[in-house]
Amino acid sequence: MSLRIIVCIKSVLKASHLGGPQRAVGNSELNPFDRPALEAAIRLKDTMNASVIALSMGPEVSAEALDEAQAMGADEAVLVSDRALAGSDTLVTAKVLAKAVQKIGAFDFIFFGTRTADSDTGQVGPQTASLLDLPFLGGVKKMELQHGGWEVHRVVDTWEEAWQVQTPAALAMDPRAFIPRPVGLVGLSQVYDQPKLWQWNVADLGLTAEQVGLTGSPTRVADLKKTTHDRSCRIIEGNPLEQAEALLEMLALAGKIGS
Amino acid sequence: MHDPILTDKHRIVRRSVRDFCEKELRPIAAQIDQEARFPWEVAEKMGPLGYFGIQAPRELGGAGLDTVSYAITIEEVSRVSAAIGLCLSVHNSVALYPIVAFGSPEQHQRWVPALAKGEKIGAFCLTEPNAGSDAGGIIATALADGDDWVVNANKVFVTNGGIADICLVFTNTAQGSGRKEVSVVVAERGTPGFVVGDLEDLCGMRANPVTSIRLYDCRLPKANLLGKTGMGLRIGLAALDTGRIGIAAQALGIAQAALEEGVRYANQRQQFGVPLGNHQMIQMMIADMATQVDAARMMVYRAARIKDANQPVTKAAAQAKLFASEAAGKVTDLALQIHGGYGYSKAYAVERYYRDARVTRIYEGTSEVHRMVIAREALRETL
Ligand SMILES: Cc1cc2nc3c(=O)[nH]c(=O)nc-3n(C[C@H](O)[C@H](O)[C@H](O)COP(=O)(O)OP(=O)(O)OC[C@H]3O[C@@H](n4cnc5c(N)ncnc54)[C@H](O)[C@@H]3O)c2cc1C
């Protein structure tokens, strides 16, 4: 049995300033929550006949993240990049990724990270899955081949669930369960000598500029504000029981717990 | 750090090496220095990632990267632990590289894959008690006897000596004729007569097991001769050209680390009601440190670029080594000064950087020897 896995990864901002941060060389990195998704795919490749394709939508600098993915062990990489994509929200991102997945062709799994370090929505995985009509499971910590089918374990709050999953399917990986391997010099050197990077633009995916980017996105960012939290410290006196009761009362009065 | 001199791929090399070192090496860097312990647990992880064969061809198990990537790797490892940077620099540039450059196809198969994967560690045995800067003054001998060389040598200050499996030994093969014919013979640990001396109790670089290596009537197969007899100095000089780029990169990494610590401390420590960095004299130190580091960095990458372009690199490599090692001396000294009394304590890392930086002006050619090399080249150019 051979497996084909598409891993969606994003190059994220390391630090952002208010008012339209630009992703560029030197301030971007492979989303730390996507590394576990790559790791999960490459672990499957380590144990069975599998091929891994890393897919990213983003500015040119995202090619660096795709290089790293290949150095970790991905076989090929696809970059969807186009000026028209600037300002795309999660829905448009999911649409574009879904189109790219269709263009890639047959596959068994799409892996996602749980969320991104710079936008933190966690929406792109499930949205892409639903656009493609795929079953989706988040928080995945283990995958096992059982009698020719897949058993997928995932964590929801403190529960662990086991699901029988039919492929093709989309999964988002629990970052704690798949500690990513380091990017090695041997891997990087291989990528530089034989890069397998396909680059597509919006037209290649059969989309128009109006369908994507800021114009295609229903989300409107009305305002961005810097928030600050004023922390203060209060020592509660008394024995542990009294302290706990005083703390509960304070939190309840402040509307932080219960009703 | 945005560096216009580097390409995308060099930036990714830097990021990958930095990530690895921060995760694996940073937590133990101070401890291995104090315990004078070589961290095998990290070396074993570095092996499969290519750190021991940075420039060795991929067909022979190496990573096959260019000299700029090599310099960045040594810089980044040394930024966290200079002693491990030293291990990699010597192993890659003056042990493995000469075998790749001057070895026969059989020798490549025999030694390169294991060295490139870090399964075996390499060392460079040139210095003797009475032959340091004057490398031609060595008295080690190799006498031909049947299919063997019978080697007697007393090599001192051997970096990686305590862990090395494969040693390049510089020796006289003139067969007692009174002439000097320097050749390189490869000695493998475990050969009868191969003796590893005690650990040097060093001022810095303490996590590197620097020892003496002695060969007593050690029989080494004739097939262990690298290149031809009499090629020793040529091999040594070629090795030192890349070696110097490695040591320059190492000094740069230490200086970068000291700059970061100096800046951090200047921002955090308050005296006279304001951060240290608000005092003009501290600002001057920071300005000088940052400038020294940047100038050193440009010289190191330039030398690496010249090497990658297959152009004569002796002068540029010597200049980079001279400048970067002296910069590391100044920058670590200033970083310690910014820390005041705390800088003189093992509680802060600058004390280690200060000790580690010192030797970069001594090994693989002292600053004085480098000035001789540079002057010789420069005088020839202007003629
Ligand atoms: C930690 C460490 C690791 C080392 N690793 C290795 C290794 O792996 N392999 C190896 O072979 N060696 C190694 N060395 C040895 C190192 O390369 C030598 O110490 C160095 O070359 C200097 O030689 P020396 O110590 O004999 O000093 P000397 O040559 O005795 O020099 C003493 C002083 O005189 C100066 N001097 C000498 N000749 C002249 C001249 N003509 N004009 C002006 N000044 C001069 C020198 O610059 C120096 O200041 C290592 C040394 C150390 C400390």
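Every chain is numbered from 1 and lettered A, B, ... according to where its sequence line falls, protein lines coming before strand lines.
- Heavy-atom neighbours of A/Lys103 NZ from other residues, nucleotides or ligands within 6.0 Å: above the threshold of 12.
- The line from NE2 of B/His10 to CZ of B/Arg15 is 14.0 Å long, rounded to the nearest 0.5 Å.
- Taking CD1 of A/Ile6 as the reference point, atom OG of A/Ser51 lies at 9.0 Å (rounded to 0.5 Å).
- At a heavy-atom separation below 4.5 angstrom, chain A is approached by no residue within residues 113-122 of chain B.
- Atoms CD and OG, on A/Gln199 and A/Ser62 in that order, are 9.5 Å from each other to the nearest 0.5 Å.
- Remark: A/Asp46 engages A/Arg181 in a side chain to side chain donor-acceptor pair (under 3.5 Å) (not counting sequence neighbours).
- The side-chain heavy atoms of A/Glu68 and A/Arg35, taken from C-beta on, include a pair separated by under 4.5 Å.
- Ring-plane geometry between B/Trp40 and B/Phe38 is classed as perpendicular, the angle between the planes exceeding 60 degrees on a 0 to 90 degree scale with a lower cut at 30.
- For the side-chain contact (heavy atoms from CB on, under 4.5 Å) with A/Val212, the lone residue among A/Asp89, A/Leu207, A/Val80 that qualifies is A/Leu207.
- In this view, A/Gln123 and A/Thr90 satisfy the side chain to side chain donor-acceptor pair (under 3.5 Å) rule, not counting sequence neighbours.
- When heavy atoms are compared at a cutoff of 4.5 Å, B/Thr73 approaches chain A solely by way of its side chain, counted from C-beta outward.
- Interface residues of residues 44-64 of chain B toward chain A, defined by a heavy-atom distance below 4.5 Å and sorted by number: B/Pro48, B/Leu49, B/Gly50, B/Tyr51, B/Ile54, B/Arg58, B/Gly62, B/Ala63, B/Gly64.
- Contact of the B/Arg297 side chain with the B/Glu75 side chain is registered, since non-hydrogen atoms from C-beta on lie closer than 4.5 Å.
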